[in-house]
Amino acid sequence: MAYWLLKSERETWSWDQQKREGRKGAEWTGVRNYQARNNMRAMKKGDRGLFYLSGGDKCVVGIVKVVKEAHPDSTDPTGKWDCVDVAAVAALPHPVTLAAIKAEPKLKPMVLVKNSRLSVQPVTEAEWRKVCAMGGMADPP
DNA sequence: GCCAACGTTGGC
DNA sequence: GCCAACGTTGGC
């Protein structure tokens, strides 16, 4: 299983909205960047993702999983861009802020730290475990 | 609201 | 195919 980080702006797509979509999930639309698209194309059903909010409070707030692999983004009239479907798995007991991630030496190599602009990023298993643990989930589902 | 970093576009 | 100009993103 692979791990990812999915970035969203809270005004556009919040954790609450994601939760409301339930276990069948929703399309992760609006990605218009090749690197991010390629990352989505590499996702497999069941892969886990960190749900990260940019904008106001920059933090990881929850865990999502891929429920449908890459397919055309229904919001894209050109047909060039893809999206995956993701469903909420669990909220982190407490959010992990960007500041906390930056302050943790083990997380220095995270793409989030090194390339903050990429909206869909790979995360290593070690990083995944660390962030979940910092969020109060020693054994993430 | 500003600015730095990055990605994309378009002219050559 | 290179590179300058531009636009966008996101952290602060």
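The analysis underlying the following values was restricted to heavy atoms, covering all of them including side chains, and did not include hydrogens, waters or symmetry mates. Lettering follows sequence order; numbering is per chain, from 1. Everything numeric here is computed off the predicted structure, so don't read it as measured data.
- Remark: A:Arg37 is positioned above the aromatic ring of A:Trp81, its terminal NZ or CZ atom under 6.0 angstrom from the ring centre and at most 45 degrees off the axis.
- Salt bridge present: A:Asp82 and A:Arg41 bring a charged side-chain N and a carboxylate O closer than 4.0 Å.
- Put simply, the side chain of A:Ser8 never gets that close to the backbone of A:Arg10: no donor and acceptor are under 3.5 Å apart.
- Formation of a donor-acceptor pair under 3.5 Å by the A:Glu69 side chain with backbone atoms of A:Lys45 is found in this model.
- With sequence neighbours excluded, no residue satisfies salt bridge (charged side-chain N to carboxylate O under 4.0 Å, His left out) with A:Asp85.
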If a protein heavy atom is under 4.0 Å from the base, mark B; if only from the sugar-phosphate, S; if neither, -; do that for nucleotides 5-12 of chain C going 5' to 3'.
-> --BBBSSS
